[in-house]
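Before any comments, here is the structure.
Computed from a predicted structure; not experimentally measured. Chain naming here is simple, since letters A, B, ... match the order of the sequence lines and numbering starts at 1 in each.
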There are 2 protein chains.
Amino acid sequence: MKEDLPQFNSTFSIDCVVFGFDEGELKVLLIERNEEPFKDWCALPGNLVRVDESLDQSASRILKELTGLGDIFMEQYYTFGDVQRHPQGRVISIAYYALLRLGGDKALKPLTSYAKKAFWKNVSDLPKLAFDHQMIFEKGLEKIKRRIKHQPIAFELLPEKFTLTQLQNVYELIIGKKLDKRNFRKKMLSFGVLKELDEKQKGVSFRAAMLYKFDRRKYAKLFGKEISF
Amino acid sequence: MKEDLPQFNSTFSIDCVVFGFDEGELKVLLIERNEEPFKDWCALPGNLVRVDESLDQSASRILKELTGLGDIFMEQYYTFGDVQRHPQGRVISIAYYALLRLGGDKALKPLTSYAKKAFWKNVSDLPKLAFDHQMIFEKGLEKIKRRIKHQPIAFELLPEKFTLTQLQNVYELIIGKKLDKRNFRKKMLSFGVLKELDEKQKGVSFRAAMLYKFDRRKYAKLFGKEISF
DNA sequence: AATATAGTGTGTATTTACTACACTAAGTAA
DNA sequence: TTACTTAGTGTAGTAAATACACACTATATT
């Protein structure tokens with residue numbers, strides 16, 4: 001059974017649920033497998049953990065190979081270890097979610113070196129996934145839904161400079177309901193973690209909105225006070 | 001290196017942070033190791049995962065061996081995988097916390113079949129721990145601190161029947177600050193997940209308090225509404 | 001028997017946070 | 001210059017969280 005797997009000293013793998021926000025949609029990065037098992041199926045990007053790397057390093061490596069980017073916001077959230085989850089033997093998978101800035105300038109395309117095909121899919125329109133990746137995805141989505149309510153992770157999905165409307169869109173998408181614009185702004189600004197820039201949105205065919213950025217210093221000063229929606 | 005370890009097909013282990021509440025203190029269950037490495041050191045209870053059991057099953061088994069009890073509240077919370085964390089080779093450890101009803105009647109003693117010694121220690125007074133167990137413990141404590149603010153896990157630390165004062169004690173201990181008694185009661189009762197019994201505390205040298213129990217049915221009906229402190 | 005202690009049990013006023021809601025201003029395109 | 005689209009703002013009512021004061025019960029100590 002195990003002989004089919006590449007030679008690493010143990011069989012644990014990392015799987016990543018990579019979220020991105022673009023064109024008002026929440027997307028997730030999938031690959032198409034070109035090996036058995038589940039050849040030609042869609043799957044979450046992942047790989048075996050090498051003997052000489054930590055779990056976080058392994059996840060970073062996978063993301064780097066996949067996107068070409070380093071320094072991506074990423075967190076381990078659960079480990080899946082059902083006996084039957086991999087048809088060729090016992091493989092335990094440590095799952096990470098990652099949040100990626102897609103918006104605006106550079107429309108990020110996954111690298112083809114990593115897999116035959118890699119592409120963004122709207123979270124509300126996923127194909128069937130290989131292994132137990134459906135479950136891994138769902139648990140990941142649930143986690144960021146919970147987390148966004150208490151911690152400032154929405155910014156990780158937006159470009160450096162963003163408008164309050166974009167920010168609100170991210171919240172609405174992830175939480176899954178509409179928010180009142182005035183209340184949203186009031187509350188968001190009241191946390192004091194946003195910096196208003198002297199700059200406006202460009203290239204839009206209507207009144208340009210003010211740009212803001214997330215101010216990590218100010219956030220650090222809050223020290224545990226919750227930002228919550 | 002790896003040859004020193006027992007023969008399981010892969011080297012994953014489970015480590016458990018078992019919390020208990022007794023005599024107004026939050027305690028954690030430790031063992032004294034009687035094998036190398038870290039012979040005679042204190043450590044968190046844990047064991048290797050068997051090929052034919054899932055992670056949850058493995059954690060349940062360890063808890064059963066340790067306490068003799070089944071059906072313990074327990075949750076996986078993080079996986080530790082630094083390359084150097086085990087001196088004899090690469091061992092990835094999946095960490096669980098468990099909450100145990102110690103209070104009142106049966107003062108739970110850990111079974112000696114599991115380890116030479118096993119004992120309860122006050123969380124604020126821990127000895128040095130083997131491996132990276134200090135970190136595993138700290139992360140576990142952090143997790144339940146967070147969780148108790150949003151989900152009804154405090155009940156898992158109390159006997160079936162408990163008083164509101166006991167419940168408040170648990171909250172204060174875990175959250176780490178004093179709460180106003182009247183407000184605590186009002187808020188706690190307003191969630192509607194407690195059932196007042198026709199029964200009072202016994203064997204106390206002062207006015208006996210009303211007993212309550214947590215009503216799982218009512219809680220299930222809330223469906224996502226948060227209980228929060 | 002008096003007193004100190006430690007716990008239960010209720011009521012109310014104040015402050016704070018949440019919600020609902022509609023218009024004007026600015027920029028673009030035709 | 002007009003039509004269109006999105007940005008941006010304030011207030012009032014309601015609900016929730018907090019802070020606070022007192023009365024009652026039972027026991028232990030002197």
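Residue-level contact check: A/Thr165 touches the backbone only, with heavy atoms under 4.0 Å from sugar-phosphate atoms and none from bases.
In this model, the phosphate group of C/dA6 is not approached by any side-chain N or O of B/Arg207 to a distance below 4.0 Å at OP1 or OP2.
The cationic atom of A/Lys149 (NZ for Lys, CZ for Arg) does not lie both less than 6.0 Å from the six-membered ring centre of A/Phe229 and within 45° of the ring axis.
Spacing between atom NZ of B/Lys177 and atom C1' of D/dT18 amounts to 12 Å, rounded to whole angstrom units. The CZ atom of A/Arg182 sits 12 Å away from the C1' atom of D/dA7 (whole-angstrom rounding). With rounding to whole Å, A/Asn183 atom CG is found 14 Å from D/dG8 atom C1'. Rounding to whole angstrom units, CZ of residue B/Phe206 and P of C/dA6 are separated by 10 Å. In this structure, A/Lys181 places its NZ atom 10 Å from P of D/dT9, rounding to the nearest Å. B/Gln166 places its CD atom 12 Å from the C1' atom of C/dG7, with the value rounded to the nearest Å. For the pair A/Gln168 CD and D/dT6 P, the interatomic distance rounds to 14 Å; values are reported in whole Å. Distance B/Ile227 CD1 to D/dA16 P: 15 Å, rounded to the nearest Å.
With DNA chain D read from its 5' end, the first of the two nearest nucleotides for B/Asp180 and B/Ser228 is the one closest to B/Ser228.
A/Trp41 and A/Phe38 have perpendicular rings, their planes meeting at more than 60° on a 0 to 90° scale where under 30° would count as parallel.
Salt-bridge formation is not detected for the pair B/Glu172/B/Lys177: no Lys NZ or Arg NE/NH1/NH2 atom is positioned less than 4.0 Å from an Asp or Glu carboxylate oxygen. Using a 4.0 Å cut-off between charged nitrogen and carboxylate oxygen, A/Arg61 and A/Glu65 count as a salt-bridge pair.
Side-chain contact, B/Ser124 with B/Asn122: a donor N or O sits under 3.5 Å from an acceptor N or O.
Aromatic pair A/Phe21/A/Phe19: ring centres not closer than 6.0 Å.
Between B/Trp120 and B/Val18, some side-chain heavy-atom pair lies under the 4.5 Å cut-off.
Looking at residues 186-205 of chain A, you'll see A/Lys186 sit with a heavy atom under 4.0 Å from some atom of DNA chain D.
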